[in-house]
Amino acid sequence: MSTRTRERRFRDYPIEPVPFTSVEVQDAFWRPRLETHRAVTVPYTLARCEETDRVENFVRAAGAAEGVHVGTQFNDSDVFKVIEGASYALQTQANPQLEAELDRLIELIQAAQEDDGYLYTSRAIPGSTLRTDVEGLERWSHLYMSHELYNLGHLYEAAAAHLAATGKRSLLDIALKSAALVESEFGPEGRLAAPGHQEIEIGLVKLYRVTGDERLLRLAQRFLEARGQVGERELYGTYSQDHLPVVEQSEAVGHAVRAGYMYSAMADVAALAEAPGFLDAIDRIWDNVVGRKLYLTGGIGARHDQESFGEAYELPNDTAYAETCAAFANIMWNHRMFLLHGKARYLDVLERSLYNGFLSGVAMSGDRFFYVNPLSSDGRFAFNVSEGATRSPWFQVSCCPTNVVRAMPSLPGWVYAVRDDRLYVGLYVGGKARVRVGTTEVGLTQTTDYPWDGEVRLELAPEAPTEFALRLRLPGWAVGRPVPSDLYRYLDPAAGEVRLLVNGESFEAKVVGGFLDIRREWLEGDVVALTLPMPVRRVLAHDAVEADAGRVAVERGPIVYCAEAVDNGGHALGLALADSTQLTPQQEDDFLGGVVALRGGGLTLIPYYAWSHRGPGEMAVWLKRS
Ligand SMILES: [Zn+2]
C-alpha cells in the first residue's frame, strides 16, 4: 500500500513536483544563468518597467501623478510578471533591498486598484483615450482585445509567488479583491465570457491553491468551458482557440502563446477538478503539436501572421515565429503533462524547448532578448528587434523578457518529482536536493557536466534505509528518438549504449514510461552512475516538412546545433554538410561562455541557443545535405 507523503487538501496532479526551493542548482551550465538572473535580469527588467512608464501608469491610475496612460493595454502584466520572477529569486536568496522594492511597487498597485477591486490602468487613468476595439469603452466590454483578464492572471500568479517568498499578504489581498470582483461578474451568477488571451485561468488555479476557495477553481474551469460555445457568446475564432468547445479541440491552432497557456490551464483543471473531456482533448492536441507542429528547437508557432501555429508540417525556418513566450508555454504545458501521465516523453519535449528554443530567447548577459527565434537568419531580418538581427534590450510589447524573468528561476522545480514511493529524476542538472519519498526525507546530490557530457552521478542520503523506486529519465535522444513522434528522426537511429551502475555494479533496470526504474532499499551513501551516450547525431525531418527537404540538422545530447557566419567564412545559409563529414566535439571553456563546439569538414557548429552573441550574421540550423 502506498503512503501519501503529504497531507493534500484537495485532489491534485498524481505526480508532485519537488519545488524549486528544495533544489539547489550547483552546476556549470545553469548556475551561472541563475546568478545572472538574480544579479542582472531582475533589476534590469524592473528598471525597464520604470523607464517605460509601466510603473508610472499605476501612479497615474491612483491619481498621484498627472499624465495619460503610456504603452499597450497589457503593460500592467509586465510589472506583475517581474514581481513574480523577483519573488522566486527572493525565495532562494534573501535580498532586503529587492523585497523593499517589491513592497513599494505593491503599494502603487494597491493605490491604483479601485474600491470594488477593479484594476486596469488603461481605464483608470483620467483623460486616457479608450478605444472600442482595444480597451473597450466600458469595463469588460471588449474582452477579446482588452487583456483586462489576461493582466489579472499575471497579478494572481505574482501574488501567489510573493506570498510564498515573503509570507506577506499585501499582493495577495489585492489579487483576492480583484478575483472576488471577477467572480461576481463572470462566475455562475454572472455572464458567460472568455478572455481573448488566456492566462487568468492559470492565475486563478494558483489563488485556489493558496486559499482552497473552490469558487476560484470553478471560475477557471468556467472560463475554459465558455470557449467555442456557439449561440452563447460571440466567438473570437481560431486565433484565440475559441472556434470549438475546448473538449472538442484536437488541433493546435491560432496564437501559440494563448494556446500554450490554455493547454496548461486545461491540465491544471483536469488535475484538480471534475472536467470530463479536458484530458482527452489536451492529449489529442499534444499528439498534433509533437507530430506535426514542433520545431526541432522545441519552439512552437510557425507564422508571424497572428503569431500562430501553421498547418501540419508548416515549419519554415527563416520566418519561424517560435516566440520565446511560446517556448516557455510549451515547457509549462509539457511539465504538467508529465505530472498527469508520468511519461518521460513530455520531459523530452520540455528539455528540447528549454535548452534550445527557450534559452535562445535570452542572451548570456541576461539583458538582451529575442522575441522570435527563427531557425535560419540572413543576419538582417528580425522582427520586433531594434538593431539588426540581434537580441534586443527591450520591446514595446515586452512579454518575452518578462517571461524570462519568471521562467529562469522556475527551472529547478522541473528537475525532480515524486509519486508515492517513486522518485523521478526528470532533468539532469547538477546540485543538491531535499526530497520526501513516502515518509522518508532523502538528500540527493547530482553531479554532472550535462548537457555537454552524459555522465550523471547521483548520491542518495535517505534519513533511514528505505525501499523506493528511483526513476531516471531515459531521454529519447539517447535511445535513437529525437522527438516522441515521426516528425524528426536520426539519420542513424541506432540507440547508443546506456550504462547504469548502482554502487559500482552493473544494474539491469526495467524501462517504465521512458524511465529507468531502480527499485531497492536505499541506504545513505548509495551511488547511481548513469552514462548517456552523446554522439554527434544528424537529424532529418519528416518528408512532409518542405522547409527541411534535402536538409540535415545536427544534435548532440539535448543540444541542437547551428552554423553561424562568423565561424564559417562569413556565411551560413549556403553551407552543405556531407553525410561522410566527421564532426568532432570540442569542449571550449572560453568560447561562448563554455560550450562543446562541433568541428569538421571546414565547418564549425555551435549550440543554437548561443547564436547571435557576436554581432549580426547569417545562421542556419538546417544545412544542405550532401
Ligand atoms: Zn513574448
Side-chain angles (χ1 to χ4, degrees), residues 37 41-42 44-45 48-49 52 54 71-85 145 147 149-151 153-155 157-158 195-200 202-203 239-241 252 254-265 293-295 297-310 319-334 353-354 356-363 366-375 382-386 389-410 609 612:
H37 173 268
T41 310
V42 169
Y44 176 81
T45 51
R48 283 283 168 169
C49 284
T52 58
R54 280 166 166 79
T72 69
Q73 72 276 30
F74 39 85
N75 272 11
D76 293 357
S77 68
D78 290 320
V79 178
F80 303 144
K81 286 160 75 182
V82 174
I83 292 174
E84 183 189 348
M145 279 299 154
H147 291 67
L149 297 171
Y150 166 86
N151 290 349
H154 283 302
L155 168 68
E157 288 206 78
H197 196 316
Q198 299 88 335
E199 160 62 24
I200 194 168
I202 292 175
Y239 173 62
S240 293
Q241 299 77 37
H255 189 282
V257 180
R258 292 168 196 239
Y261 287 6
M262 182 172 94
Y263 308 149
S264 299
K293 300 188 177 186
L294 182 73
Y295 278 103
T297 53
I300 52 172
R303 295 183 184 171
H304 282 238
D305 181 34
Q306 299 207 326
E307 310 182 294
S308 70
F309 286 103
T319 60
Y321 203 66
E323 182 177 341
T324 303
C325 288
F328 177 45
N330 200 29
I331 288 170
M332 291 198 298
W333 178 31
N334 276 281
S353 300
L354 175 64
N356 304 289
F358 169 74
L359 196 52
S360 59
V362 55
D367 59 357
R368 294 290 182 275
F369 308 90
F370 273 139
Y371 196 113
V372 305
N373 295 275
L375 281 77
F383 170 80
N384 231 333
V385 157
S386 54
T390 57
R391 290 178 187 79
S392 172
W394 195 247
F395 308 96
Q396 201 215 347
V397 172
S398 233
C399 50
C400 294
T402 54
N403 258 339
V404 168
V405 183
R406 64 199 197 109
M408 196 63 86
S410 305
Y609 75 77
S612 193

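In this chain, residues are counted from 1 in sequence order. These figures come from a predicted structure and were not determined experimentally. Start at 1 and go down the list; that is how both ligands and their atoms are numbered.
Looking at residues two or more places apart in sequence or on another chain, you find a side chain to side chain contact (heavy atoms under 4.5 Å, CB included) between Ala322 and Tyr295, Asn373. Every residue two or more places apart in sequence or in another chain that forms a side chain to side chain donor-acceptor pair (under 3.5 Å) with Glu84 is listed here: Tyr88, Arg406. Residues forming a side chain to side chain donor-acceptor pair (under 3.5 Å) with Ser308 (at least two apart in sequence, or on another chain): none.
For Asp78 against Ser398, the heavy-atom pair with the smallest separation is OD1-O, 3.4 Å.
Between Phe309 and the options Gln241, Lys293, His255, a side chain to side chain contact (heavy atoms under 4.5 Å, CB included) holds for only Lys293.
Around the Zn ion (ligand 1), protein N, O or S atoms at a distance under 2.8 Å total 4; waters are neither shown nor counted.
Between Tyr371 and Phe395, the angle of the ring planes goes over 60°, which puts this pair in the perpendicular group of the 30/60° scheme.
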